[in-house]
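The structure appears right after this line, and notes come after that.
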Amino acid sequence: MPTAIEIFKHLPKKNCGECKNPTCLAFAMQLANNKAKLEDCPYVSDAGKAALSASSAPPIRLVKIGSNSRAFEVGDETELYRHEKKFFHPTRYCVEVDDSMSDADIESTIISYNKMKFERVGQIMSLDMIGVRYVSNDPARFAKAVSVASGSTEMPLLVFCHDPAAMKDAVKPIAARRPLVHGADSNNFAEMSAVAKELALPLVVYEDKGLNELADLVAKVKASGVEDIVLDFDPANLKDLLERSTLVRRLSVKRTFRGLGYPILVQAQGDDALQYGLIATMKYGSIVSFDKLKPEHALPLFVLRQNIFTDPQVPIQVKPDLYPVNNPDEKAPIMFTTNFSLTYFTVLADAEKSKIPVWLQVVDTEGLSVLTAYAAGKLTADGVNKALEKSGAKTKSKTGTIIVPGMVARMAAKLQETTGLKAIVGPKESSGLPKFLKGL
Amino acid sequence: MVEVPLPKDKWSGKVNAVNLGAEPSTGGTRSAIVTVGGENAMPFLGYEGLAPNRVRIAGEVTDMPGEVPEQVRALFGEATSDVAEWAKVWVENFKADLICLRLASTNPEESNVSPQDAALTVLKVLKAVSVPIIVYGCGQEEKDAKTMEAVSNAAPKERLLLGQAEEGVYKSIAAAGMANNHAIVAFSNLDINLAKQITILLTDFGVRKESIVMDPLMAPLGMGLEYSYSVNERIRLAALAGDGMLQLPMLCDCTGAWKCREATDDVADWGDRNERGKWWEATTALAAILSGADILIMRHPGAAAEAKRAIEGLRGGA
Ligand code: B12
Ligand code: SF4
């Protein structure tokens with residue numbers, strides 16, 4: 001982002017106030033802090049607009065892929081480490097088919113990928129993209145395969161073909177769906193860029209020799225008028241993947257070197273595919289394309305993405321509610337905990353381990369753990385009571401008791417008073433729950 | 001040709017190197033010392049600095065095998081009924097660099113095995129394998145103090161890594177370590193300031209930094225991994241920037257992954273349970289090594305193999 005002074009240079013300096021700021025300088029300061037939009041000033045010259053939009057462009061270009069409700073954006077990251085702020089655009093996962101498969105196979109494979117979904121911490125996790133590879137060497141066959149794939153899924157497509165004519169035939173009919181074109185390389189870039197430009201599609205620039213060569217090719221593609229670029233540097237091994245991804249991210253966000261300021265695509269194939277995918281998820285990969293992906297591999301991958309891309313300032317939370325554990329009935333006691341997902345899942349797992357039926361009341365603490373919430377005044381006897389009344393816990397359990405987390409034993413007396421239930425102090429660590437519940 | 005600049009970070013700090021295990025020349029019985037730490041750059045950025053010592057993998061064995069899910073125990077066959085045999089399988093079949101022995105049976109609320117008998121178990125494992133050994137008690141502070149004292153005295157020349165010192169309960173274990181020049185684990189609860197605090201307490205008490213490995217708590221995949229990932233990164237960044245109290249090799253215990261139901265439960269849509277469990281722990285390990293781990297404690301040999309493959313790949317091997 002340019003500074004207020006740099007912005008000021010491009011303003012008309014009329015101090016007319018139409019932007020609702022007393023002076024152009026005040027407006028420039030608002031702009032620099034992202035508190036105003038350039039359009040608020042009706043008098044900026046076209047040259048000024050161009051200069052300002054170039055220097056305020058994000059260090060990594062935001063690229064939109066797809067067109068319907070499954071469309072997504074990648075890029076526009078600003079940090080090297082997630083604790084500095086957050087990572088904004090989660091890694092997107094693609095799985096592939098190729099045009100040597102029969103139409104029926106393509107369709108059934110894609111349909112099974114459409115269905116691969118998991119729900120966790122209240123979020124639905126699924127695949128994002130279907131890749132189609134050109135291996136038949138028959139442009140007509142490829143076009144048909146792409147069309148079948150397009151008809152089999154709502155997900156955006158990633159089309160792999162380095163023959164510009166075959167690519168054009170295949171993507172032209174589905175251009176409205178804004179597939180990602182893979183791609184331009186050092187041999188075909190002129191023609192492939194022309195295809196991408198004509199159909200207004202995002203384009204992968206592929207170059208495995210090194211970052212200098214890649215930047216060179218990107219510059220040429222950009223000069224031909226394509227702006228929505230995705231990088232594929234085809235790492236030779238995991239070291240190469242980590243180092244090049246880190247260099248690209250650092251150059252873009254720390255050095256304002258714009259030549260490689262684009263999202264990264266990683267092709268994760270064969271035996272090490274999951275390793276590549278996991279590392280790319282943590283280290284700056286925007287799109288990972290797998291040759292195939294089974295649910296037992298997708299689940300850990302998706303959960304890693306969910307973890308890495310949570311906002312460090314806003315913890316993942318579970319829904320405050322009454323959760324039955326081990327099929328409780330009226331004779332089962334109530335216990336409560338917070339809605340911080342880490343706390344909830346730890347307590348849930350330990351309660352399940354006990355095999356003893358209980359009602360678990362999750363109290364809204366804005367995603368804080370037991371002690372943190374207590375210290376912050378977000379876990380109070382009143383709050384617990386309100387949660388119990390809202391969920392009807394007191395009618396579902398008739399034991400007249402409530403188990404208090406051992407860490408907040410000090411709440412017991414107040415809680416007893418407020419809820420009218422007998423408060424029993426449980427263990428400090430939920431790992432003590434099986435023993436504690438059995439002895440109840 | 002576009003010249004792409006090479007944006008290197010220049011660090012003034014360096015992680016301490018810590019030696020584990022002792023060879024016969026110093027009275028020990030290990031076939032080789034294992035050195036951990038020593039790096040002066042963020043993990044695996046070879047163009048930026050050196051990581052002279054590979055991340056090491058410790059295979060977990062426990063004298064209460066019931067605490068290990070049956071799907072993992074099955075991979076060791078009969079061996080899990082005897083920690084010495086179990087440790088052997090780890091080293092011989094699965095090429096573990098270290099063994100992590102948990103003396104869970106010492107728990108006073110369960111089988112309450114005596115410190116002396118627990119120390120004999122350590123000796124048995126030392127005899128069965130020739131790699132250095134990490135030893136944990138049962139987690140009950142008063143009992144662990146006694147157990148670790150007995151263990152320290154039973155193997156005075158072996159330079160074990162003893163777990164674990166925590167704020168509030170560190171003096172007895174620090175004393176047990178110092179008595180016989182063992183190394184100790186400094187544990188803290190997911191917080192950079194607490195990690196620093198425990199090192200300060202230990203060094204003030206007289207423990208040499210060359211004898212401390214830190215454990216900032218590796219929360220497993222899906223159970224707070226993101227906190228650990230960022231806490232580890234911040235610890236390592238601070239260490240490289242020169243904070244001496246954080247310049248310690250980092251130990252990440254990945255076995256917590258097995259507490260997650262996704263690692264163990266049979267659910268139709270979740271695919272093969274064994275493969276999924278393996279990757280649950282392996283993914284935790286990958287997050288650990290990318291954020292700064294120098295030692296991984298692993299439970300599943302397949303997960304350990306994946307972690308090892310990643311470490312080799314990240315160091316430039318095929
Ligand atoms: C990470 C952390 C934070 C994170 C928040 C993470 C989160 N989403 O909650 C951040 C950095 C934001 C934070 C902030 C604060 N924190 Co804080 N934080 C911690 C830390 C390091 C870990 C907490 C954690 O995640 N624990 C893991 C979860 C799973 O634990 P848990 O929820 O307690 O659940 C366990 C048990 O309680 C039990 N359990 C849970 N439910 C139930 C139910 C039943 C029935 C039973 C039987 C058992 C049980 O089982 C669980 C597993 O063992 C602790 C220190 C520590 N080592 O505990 C301090 C700590 C909790 N924080 C503390 C404080 C004071 C704060 C702040 C007020 C200021 C500060 N010092 O930073 C703020 C308040 C936040 C706010 N919004 O204003 C103090 C609390 C002091 C006290 N004794 O009351 C602690 C103890 C640190 C300290 N020693 O000073 N904190
Ligand atoms: S509207 Fe434009 S010209 Fe008028 S004060 Fe604001 S910035 Fe200056």
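Protein chains get the first letters and strands the later ones, always in sequence-line order, with residue 1 at the start of each. Everything quoted here is computed from the prediction, not taken from an experiment.
The part of A/T310 that comes within reach of chain B is its side chain, from C-beta onward, which places non-hydrogen atoms under 4.5 angstrom from that chain. Neither the backbone nor the side chain of B/N274 comes within contact range of chain A; no heavy atom of the residue lies under 4.5 Å from a heavy atom of that chain. For a residue to count as touching a neighbouring chain, one of its non-hydrogen atoms must lie under 4.5 Å from one of that chain's; by this rule A/F118 touches chain B with the side chain only.
Looking at heavy atoms from C-beta onward, A/I308 lies in side-chain contact with B/L225 at the 4.5 angstrom threshold. For the pair A/D216/B/E3, no side-chain contact is recorded, criterion being any heavy-atom separation below 4.5 Å from C-beta on. Within the 4.5 Å cutoff, no side-chain heavy atoms of A/F345 are placed close to those of B/C260. Side-chain contact between A/L299 and B/W279 is absent, with no heavy atoms from C-beta onward closer than 4.5 Å. Looking only at side-chain heavy atoms (C-beta outward), B/V2 and A/N212 stay at 4.5 Å or farther from each other. A 4.5 Å side-chain heavy-atom check between B/T283 and A/V303 finds every atom pair outside the cut-off.
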Go through it in stages, so that I can follow the logic: the residues are B/F44 and A/L238, the test is side-chain contact (heavy atoms from CB on, under 4.5 Å), and I'd like the CA-CA distance, side-chain angles, deciding distance and then a yes or no. CA-CA 10 Å; B/F44 303 105; A/L238 293 175; over 6 Å; no
Worked check of ring pair (Phe, Tyr, Trp, His ring centres under 6.0 Å) between B/Y227 and A/F340: CA-CA 13 Å; B/Y227 285 91; A/F340 177 36; 5.6 Å; yes
Can you check side-chain contact (heavy atoms from CB on, under 4.5 Å) on A/T346 and B/M223, steps first, answer last? CA-CA 8 Å; A/T346 315; B/M223 277 237 273; 3.8 Å; yes
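Shortest non-hydrogen contact noted between B/V4 and A/A215 is CG2-CB, 3.6 Å.
Checked for salt-bridge contact, A/K435 and B/E109 meet the test: a charged N lies under 4.0 Å from a carboxylate O. Here A/K294 does not pair with B/D272 in a salt bridge; the nearest charged N to carboxylate O distance is not below 4.0 Å. Under the 4.0 Å criterion applied to side-chain N and carboxylate O atoms, A/R250 and B/E48 are assigned as salt-bridge partners.
Chain B forms more heavy-atom pairs under 4.5 Å with one residue of A/K239, A/K353, A/K115 than with any other, namely A/K239. Taking chain B as the reference chain and counting heavy-atom pairs below 4.5 Å, the highest number among A/I316, A/L274, A/L304 is found for A/L274. For the set A/I279, A/L211, A/L214, the count of heavy-atom pairs under 4.5 angstrom toward chain B peaks at A/I279.
Sorted by first and then second residue, the pairs that involve residues 259-270 of chain B and meet side chain to side chain donor-acceptor pair (under 3.5 Å), not counting sequence neighbours, are A/R120-B/E262, A/E352-B/R261.
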